[in-house]
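Order of the sequence lines fixes the chain letters, A, B, ..., with proteins taken first and strands second; residue numbering starts at 1 for each chain.
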Amino acid sequence: MSFVLEGLEPDPIARGSEVPGELLAGLNPPQREAVLYRGQALLIVAGAGSGKTSVLTRRIAGLIATREAYPSQLLAITFTNKAANEMRERVRALVGGAIEGMWISTFHSACVRILRRQAEAFGLSPSFTIYDTADSRALLKRLIKELDADILGFTVGSAAARISKLKNELTDAEAFARNANFDDPKEAAFVEIFRRYQTSLARAKAMDFDDLIAQTVYLFRAFPEVAALYQRRFRHVLVDEYQDTNHAQYALIRELVRGVKPQHVPADTRIRTNADGGISPASLTVVGDSDQSIYAFRGADIRNIVEFERDFPDARVVLLEQNYRSSQNILDAANAVIANNFDRVAKNLFTATGAGEPIVGYTGYSAHDEAQFVADEVDALHGARGGGGKLSYDDIAVFVRTNSQTRPLEEIFIRSGIPYRIPGGTKFYERAEIKDAMAYLIQVVNPADDLSLRRVLNTPRRGIGPATEAALQAHADRMGMPLREALREAAQLNLGAKVTAAILQLSQLLDDAAEMSLGMDTQGVLHPGPPFDVLKLLMDRTGYVAALRATGDAQDEARAENVEELLAQTREFRRQNEAAGLLDFLTNVALLAAADEIEDEDGSVSIMTLHTAKGLEYDTVFLTGVEEGLLPHQMSAGEPGGVQEERRLFYVGVTRAKRRLYISLAMTRSQFGDTSVALPSRYLQEIPEGLIDWRQSPGGANSHGGTRPRALNARGGGARERFSYAGSLPASPQPPREKREWANSVTGKVRDNGDLTLDVGDRIRHSDFGDGRVAGVSGQGAKTIAEVMFDTAGRKKLLVKIAPIEKL
DNA sequence: TGGGTTTTAGTTTTT
DNA sequence: CTAAAACCCA
């Protein structure tokens, strides 16, 4: 290889002339600058839909094409694996295949890679396992119970949240203990929980999600020569979605783009050194949009992006404001809403594509009604009836605020025969049977992980009950060995002959599986065995799947099929990653993100949370549950900046839509089994008059004030639908109270029945369902619910106050 | 030890 | 209301 080595060093002056023209084709001036700028630090403030992925990929392609950097000198951090794969393909298409050695991955994947590679340097097992949230919680549960900390008010959730938060701030157990107030019994107990949690992880050779980042930072700080390895290698670091980085991630980036001291530069380096023999810092490019920061709950610190220029005084800032995704109507709505967030740098998205179709609004009686509307519209758009529109299902997405909202949507979609997917919602890997199978695999790779062994000890049933487990655990503790070792010595424990045999059999099986996973010794080289073979061996010899099949239970049959599906996935994984072993498979699964499950062109509608939707785009978007208490969510009311964060969430949702946006809500929502009245979200009011075409408006006759209802969102001047509040919303955070009513919608479907009372046995008439008989009444006052057996429509639950019914 | 029943707790968002 | 967890009995 005879590269021109001088060319590898970044030149602080833009080298526009050298970047191939085709990489700049079709870019607007700021985009062009973002591709061409060369310097230590660059912040690209990329509004929604402003073509940032395009800019980022061309910037990378430019660096490679001009020989400013080898692909292996580039590190690009994305938010999801899906985004990483997409970027990899797009860069490959631009530079013609030569991107081997380039790292494009998520923060977590990159850290795992570094940690596994450097594990031995600081006494860590390279085959450490990654605990997901459920694993962490299971461990914490044991610890809290052990310490009787529950009486102090500790819950698994609160402890987990607190530990996660501390780790994201790079505060480890010891650092926390140093400043803890031990006079407070609760705080003292927490210190103990945190410490034990961490030692348990270490003993199990496991890390939780937050550790992956934090430990990498600690590694770099403790071993400058290890850090230097990566500082020398990565000459260009690019970070996407920078507004959602937390402190630990920020610190990691800072470590990576630090210059290398002369003593850490090998004599034969091919990188140009400074006068003192050191190497200057890598160049850093970050892309983000503070208006789309929606992960504060995960420790994301908006200051990372807002104060970027303070961190890097020489930084260039490029603003991308032209939107290439959405119609002007959609952008107007988005701009208007986000403008209500104070404390933000003004930014106004614009487009050249024209107004487009109006936003469609709909208000259902209930979540089911709302879901039915969505289903009907999807059906119509797909052209099942009209034939005019030929929108593919995968061009449509339905967004929800909370996971529980997917349920009614799912029910209606099934009934309507609309194919759908819920990325991240299926929780395939959280199913008990999958966790069982995975626990076997983890135990094969990491025998120190007692948690996984305990899980499979008696699954399927092999007669190892709590008593036997305790005996094994006691032996393990006594000998200071992992549970896995204790299994081998089961014969010493004077257990029953049957039980002992079962234990030894399991032990032998795990040994055999471990041998297989390491691979056959062909010509002295170890090739990791295919994960499929290992899992198949385990499932066959344990009889796990067979046991499920044998029960004859339909649910167990479904579980057996899930395990088969997992087997298929291991096979598929090996197909796509040829030399990949079991550890790679497990890592891959652990770091899977919800959005990674989205397949393009799979012919189904995607239903997902607003958080999952970040970074995606769809021709048609349904934004559902736009109600007070849901968006903004009740839980956010207490948090500082909560309502603003929720507004950004709303903004993210709106700006995902390319051509059509539907906004819907329900007048009542059920949770915990009872139904309550819901009010339209305050964010709806922030959308300018005329942008929304209400098919069914959130009525609201103004019977209390003297103010005439404003035709806020009536289209074409005709006040067909009206949407107003009695007076203006209070400036205070509280939503309007019971004075507001759902009444007198022009369609006549939404009404106020006053204090109509119904009793069991009454005959009533419903405008949609026809005649029926009241079968039961529950609830009080405005929330009175009647259960009605309709003569033709079957059994329905109705909110008496607003249902379109009359007593006969 | 296993199965069945009662009880209780939980609902924000996620790598 | 639902799902998981605790509890109880055979």
Side-chain angles (χ1 to χ4, degrees), chain A residues 77-84 105-112 130-134 136-138 141 145 150 155-157 160-161 164 167-168 207-214 241 244-246 248-249 293-300 399-408 423-425 427 429-432 458 460-469 496 498-499 551 553 555 587-597 608-614 625 629-639 642 645-646 648-650 652-653 669-675 778 785 797:
Chain A
I77 303 280
T78 58
F79 210 67
T80 62
N81 297 301
K82 181 177 193 273
S105 69
T106 64
F107 269 108
H108 294 267
S109 303
C111 286
V112 170
I130 301 165
Y131 275 15
D132 64 16
T133 314
S136 297
R137 293 176 68 100
K141 195 177 166 187
K145 210 168 178 179
D150 45 345
T155 62
V156 173
S164 172
K167 287 186 176 181
N168 286 331
M207 296 214 196
D208 64 20
F209 283 131
D210 303 315
D211 277 338
L212 297 178
I213 314 288
E241 307 285 8
D244 280 319
T245 50
N246 60 35
Q249 291 165 333
S293 169
I294 55 173
Y295 280 102
F297 72 93
R298 208 167 76 184
F399 297 159
V400 294
R401 175 66 181 83
T402 67
N403 285 304
S404 60
Q405 285 171 258
T406 58
R407 201 176 231 172
K427 309 271 181 213
Y429 293 98
E430 285 170 34
R431 290 165 187 274
N458 200 30
R461 307 259 132 84
R462 48 173 76 90
I464 306 176
T468 311
E469 184 190 321
K498 227 173 165 181
V499 177
T551 65
D553 187 337
Q555 281 200 326
T587 304
N588 188 61
V589 169
L591 299 181
L592 221 51
D596 298 340
E597 292 172 33
M608 68 185 90
T609 67
L610 286 164
H611 285 88
T612 303
K614 191 179 76 155
L630 208 50
L631 189 63
H633 196 277
Q634 200 68 54
M635 286 293 154
S636 70
E639 323 231 321
E645 170 124 339
E646 298 281 309
R648 290 193 291 268
L649 208 42
F650 185 88
V652 165
R669 203 157 282 272
S670 312
Q671 52 177 359
F672 315 119
D674 58 13
T675 307
S778 59
I785 293 163
K797 280 184 178 174

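- Legend: residues meeting salt bridge (Lys or Arg N to Asp or Glu O under 4.0 Å) with E241(A), ordered by chain and number and at least two apart, are K52(A), K614(A).
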Q | Secondary structure string for DNA chain B (Watson-Crick or G-U under 3.5 angstrom, | for other-strand pairs) | A | ||||||||||.....

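- Among the atoms of the strands shown, none is found under 4.0 Å from any heavy atom of R669(A).
- With sequence neighbours excluded, the residues that form a salt bridge (Lys or Arg N to Asp or Glu O under 4.0 Å) with D211(A) are K167(A).
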Tabulate protein N/O versus nucleotide N/O from nucleotides 2-8 of chain B, keeping only pairs under 3.5 Å, one per line.
residue	atom	partner	partner atom	Å
dG3(B)	OP2	R461(A)	NH1	3.4

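- Checked against ring pair (Phe, Tyr, Trp, His ring centres under 6.0 Å), H633(A) has no partners two or more places apart in sequence or in another chain.
- Using atom C1' as the reference point in both dT13(B) and dA4(C), the two lie 22 Å apart (nearest Å).
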Are there any protein N/O atoms within less than 3.5 Å of an N/O atom in nucleotides 6-10 of chain C, and if so, which ones and at what distance?
none

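- Residues forming a ring pair (Phe, Tyr, Trp, His ring centres under 6.0 Å) with F650(A) (at least two apart in sequence, or on another chain): Y683(A).
- When atom types are taken as modelled, the side chain of N81(A) and the backbone of S105(A) share no donor-acceptor pair closer than 3.5 angstrom.
- Considering every non-hydrogen atom in both L212(A) and M207(A), the closest pair reads CD2-CB, 4.1 Å.
- One finds the CD atom of E646(A) at 10.5 Å from the CD atom of Q634(A) (value rounded to the nearest 0.5 Å).
- Here the NE2 atom belonging to H108(A) is positioned 7.0 Å from the CG atom belonging to D210(A), to the nearest 0.5 angstrom.
- Of the possible donor and acceptor atoms, one in the side chain of E645(A) sits under 3.5 Å from a partner among the backbone N and O of A296(A).
- Every residue two or more places apart in sequence or in another chain was checked for a salt bridge (Lys or Arg N to Asp or Glu O under 4.0 Å) with R298(A), and none qualifies.
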Q: For nucleotides 10-15 of chain B, just jot down a letter per nucleotide in 5' to 3' order: B, S or -, based on protein non-hydrogen atoms under 4.0 Å.
A: -BBBBB

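- Atom CZ in R407(A) sits about 6 Å away from atom C1' in dT2(C), given to the nearest Å.
- For Y295(A), the ring pair (Phe, Tyr, Trp, His ring centres under 6.0 Å) test picks out F79(A), F297(A), H611(A), with sequence neighbours left out.
- By the salt bridge (Lys or Arg N to Asp or Glu O under 4.0 Å) test, E639(A) is found to be paired with no residue, residues two or more places apart in sequence or in another chain being considered.
- With sequence neighbours excluded, no residue forms a side-chain hydrogen bond (donor to acceptor under 3.5 Å, both in side chains) with T406(A).
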